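As C-alpha cells, the structure follows; a few thoughts come after it.
Here the structure is a predicted model, which means the values were calculated and not measured. Just so you know, ligand 1 is whichever comes first in the structure, and atom 1 is the first atom listed for that ligand. Along the sequence shown, residues carry numbers from 1.
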Amino acid sequence: MLFSLAILLFISPTVTALTDLQAQCNGTDRLYNDTSCYVVVGPKIYHYLAKISCNHYLGYSGHIVHMRDAATQAAVLQAVTTYTGYGSYWLGLETINSSTSTTVSTNYGNYYRNGTVVIPTYFPWGPNQPVNGASYKKGSYNKSTNAIYNIPATEQSSNICEYEEALKQPVTDLERKCVNLTSSFRTLFVNDVCYVAHFTFKNYNDAKVACNALSGYNGHLAHVRTMSELWAADAVLKGASVTCGRLGIEQTNLSSTDPYNGWYLTTPTAQSIPTTFLPWAAGYPQAGGGYRTIAVQSGSYPKSFGTVNDTTPCPYLCQYDGPGPSTTTTTSTSATATTTTTTTPTTTTTATTPVTTITAAGACTRATTTSAGGTGSTAATTNAGRTASSFSHYRFGYFKNTCYWLDQLTVTFSKCLNMCHENELCFGLSYNSGTNDCQLLAIIASASPYWFELTADKQYETVIRELQ
Ligand SMILES: *[C@@H]1O[C@H](CO)[C@@H](O)[C@H](O)[C@H]1NC(C)=O
Ligand SMILES: *[C@@H]1O[C@H](CO)[C@@H](O)[C@H](O)[C@H]1NC(C)=O
Ligand SMILES: *[C@@H]1O[C@H](CO)[C@@H](O)[C@H](O)[C@H]1NC(C)=O
Ligand SMILES: *[C@@H]1O[C@H](CO)[C@@H](O)[C@H](O)[C@H]1NC(C)=O
Ligand SMILES: *[C@@H]1O[C@H](CO)[C@@H](O)[C@H](O)[C@H]1NC(C)=O
Ligand SMILES: *[C@@H]1O[C@H](CO)[C@@H](O)[C@H](O)[C@H]1NC(C)=O
Ligand SMILES: *[C@@H]1O[C@H](CO)[C@@H](O)[C@H](O)[C@H]1NC(C)=O
Ligand SMILES: *[C@@H]1O[C@H](CO)[C@@H](O)[C@H](O)[C@H]1NC(C)=O
C-alpha cells in the first residue's frame, strides 16, 4: 500500500503538469493542441500586419499558423469553430519565388519569424486552388470549406497566431519593451534584436543618431547581413507601410565612383565593419556611384537593397540590442538583455564566462597552443574585467586549425559577437553570413605566427577584438 502510494506521488505530477504555455492558453479565442497554442484574432487585418502582430505570448517567436498536416487542420477548425463570427484567416504561407507560378504548391512555404521558410508537404487546397496570378501570394484558410486558398495581400482576413513549445526562449526586458512600443512604431523582436520601423522621414545623418526609442539600449540604424535579417527588416517595414527604410550601411569613401564596393556597417559610436551582403533590387545600385547610403525597398524581398542619396529624406529602420540598462555597453551588436554581469576592473574571475568549451578538440593538435598570442590562462588574466568590446575587420578568411577555436556555433552575427564579448578568452572571430557559422578565436588573428595560417575565403569575415 505504501509502495503504491509512493509510485502515485511520483507519477501524478508528471501526468497532470501543464506547461506554462498550456496553462496560459485558455479562453474561447485560443486552443492548445499538440504542443502549440493557437490564438484566433477575429478583426480583419492585412497580411503584413498579421505577420508582426503575434505577440500574445512573449518568448515564443509567435507566427501566423503553419498548417503542416491534417492534425493541425483539425485543430484550426476546432479553434475557429469555438470562436465564432469570422470566415477566413491568414496562414503563415507565402510564395517563395516570384518568378515561379503561383499554381505550383512547392512555391509556397511556411515562414517563421526569423525568415526561415519550411515548404510543407500538406496542402489542403480548396477547389481550383491555387489560382494563377502574380499577386496571389498569401495563404488563407476558409472555415466554411475547411480548405486553403491563395489570395492577394491586398485583401484583409482574420488571423490565427501560433505559439510553439519548441521555440520557447527566456523573455527578456528588451522583448517586453519592444512589444510595448507598438502604439507609436512598428516593431519586431527576432533573435534578441528589436527592430523598430520609424515612420518619420530623415536624411542619413539625422537618421543615424535618431535610434533612441528604447532608453538604455544600444540603438542604431539596422545592420542587415543575412537573408534572415533581411526578411525581418522587410516584414517590419511592410508592417509600417513604408516603401523604403534606411539602414546603417554607408559608403565611407566620398570620392568612390564604384557603387558595388566599399560598403560599411556603421553606428553612431562603434567602428565601421565592411559588409558584402548587398542583395540589390532591380535597377540598383545606381551607376556611377555618389549615392552613399542604402535603404530596403520594402516588398522587393529577396532583392531588396536600393542606393539612396544621403540627403534624401526617408523613413528608417532601427535596431536595438542588449544587454539592457543594468549592464555596461558592449559593441553595437550584443544580444542578451537578461545578462546582469557587472564585472569590476579588478575582478579576475572566470565564473562569468559562459562558454569555454572546445568542441572541435578531436581534430585539434595541441602543438601550437602554448605559443604567445593569447591562449589559456594568460589570456584570461589579460582580458579579465573588460566591460566593453570593439571589433575591427581583419581579413576575409578563417583558420582551419581548430586549436585556434574556442568554440564553433551556428548563430546570428550579433550572437556571435556577443558570445565573444562575454568570453574573456575570446580574441576575435570568423563568421560566415551564408551559413551563420561562428568560430570564436582563442588567438589574435593578426599576430605572428597565426596570421599566415589564415585561409583566404570570401565567405568568412575575420574580425579582431580590440583590447581596451
Ligand atoms: C487563463 O490564464 C490566465 C493566465 O495564466 C489566468 O490568469 C486565468 O485565470 C486563466 N483562466 C482560466 C479560465 O483558466
Ligand atoms: C488535438 O486536436 C485533435 C482534433 O480536435 C484531437 O483529436 C486531438 O486529441 C488533440 N490533441 C491533443 C493533444 O489535445
Ligand atoms: C469561403 O468559401 C465559401 C465557398 O467557396 C465562400 O462562399 C465564402 O465567401 C468564403 N468565405 C470567405 C470569408 O472568404
Ligand atoms: C525562381 O524560379 C525561377 C523560375 O522557375 C528559377 O529559374 C529560379 O532559379 C528560382 N529562384 C530561386 C532563388 O529558387
Ligand atoms: C529560425 O527558426 C526556426 C524555428 O525555430 C529554426 O529552425 C531556424 O534554424 C531558425 N533560423 C535561423 C537562421 O536562425
Ligand atoms: C508597457 O507600457 C505600459 C503602458 O505605457 C506601461 O505601464 C508598462 O510599464 C510598460 N511595460 C514595460 C515592460 O515597459
Ligand atoms: C576612394 O575612391 C577613389 C576613387 O575610386 C580611389 O581612388 C581611392 O583610392 C579611394 N580611397 C580609399 C581610401 O580607398
Ligand atoms: C544628392 O543630393 C544632393 C543635394 O540634393 C545633390 O547635390 C547631389 O548631386 C545628389 N547626389 C547624386 C549622386 O545625385
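- Scanning all protein heavy atoms for the shortest distance to atom 5 (O) of ligand 7 gives Ser256 CA, 3.9 Å.
- A side chain to side chain contact (heavy atoms under 4.5 Å, CB included) with Leu247 holds for exactly one of Val308, Ile294, Leu221, Thr275; it is Ile294.
- Classification of the Tyr141-Tyr89 ring pair by plane angle, with boundaries at 30° and 60°, yields tilted.
- Within 4.0 Å of atom 9 (O) of ligand 3, not a single protein heavy atom is present.
- The number of heavy atoms from other shown groups lying within 6.0 Å of CZ (Phe399) is above 12.
- Between Trp231 and Tyr111, the angle of the ring planes stays under 30°, which puts this pair in the parallel group of the 30/60° scheme.
- Remark: Glu164 engages Arg68 in a salt bridge, criterion side-chain N to carboxylate O under 4.0 Å.
- Just one residue in the list Phe396, Tyr394, Trp451, Tyr431 forms a side chain to side chain contact (heavy atoms under 4.5 Å, CB included) with Thr462, and that residue is Tyr394.
- Atom numbering of ligand 3 starts at 1 in the shown order; those under 4.0 Å from a heavy atom of Ser144 are 1 (C), 2 (O), 3 (C).
- Proximity to Gly87 (heavy-atom distance under 4.0 Å) selects the following atoms of ligand 3: 13 (C).
- Below 4.0 Å from some heavy atom of Ser255 lie the following atoms of ligand 7, by number and element: 1 (C), 2 (O), 4 (C).
- Nearest non-hydrogen protein atom to atom 12 (C) of ligand 7 is Asn253 ND2, 3.3 Å.
- For Phe305 and Trp263, the distance between ring centers is not under 6.0 angstrom.
- The atoms of ligand 3 that sit less than 4.0 Å from any heavy atom of Thr145 are 2 (O), 4 (C).
- Nearest protein neighbour of atom 6 (C) of ligand 3, counting heavy atoms only, is Asn142 ND2, 4.1 Å.
- The distance from ligand 5 to the heavy atoms of Asn436 drops below 4.0 Å at these ligand atoms: 13 (C).
- Closer than 4.0 Å to atom 2 (O) of ligand 5 lies at least one heavy atom of the protein.
- Residues Tyr60 and Asp20 have side chains that never bring a donor and an acceptor to within less than 3.5 angstrom of each other.
- Nearest to atom 7 (O) of ligand 5 among the protein's heavy atoms is Thr116 CG2, 4.8 Å.
- Under the salt bridge (charged side-chain N to carboxylate O under 4.0 Å, His left out) rule, Glu94 has a single partner from Lys137, Lys51, Lys238, which is Lys51.
- Of all the atoms in ligand 5, the ones that sit under 4.0 Å from a non-hydrogen atom of Leu167 are 4 (C), 5 (O).
- Here the heavy atom of the protein found nearest to atom 14 (O) of ligand 5 is Asn114 ND2, 3.3 Å.
- Annotation for ligand 5: atoms under 4.0 Å from non-hydrogen atoms of Ser228 are 13 (C).
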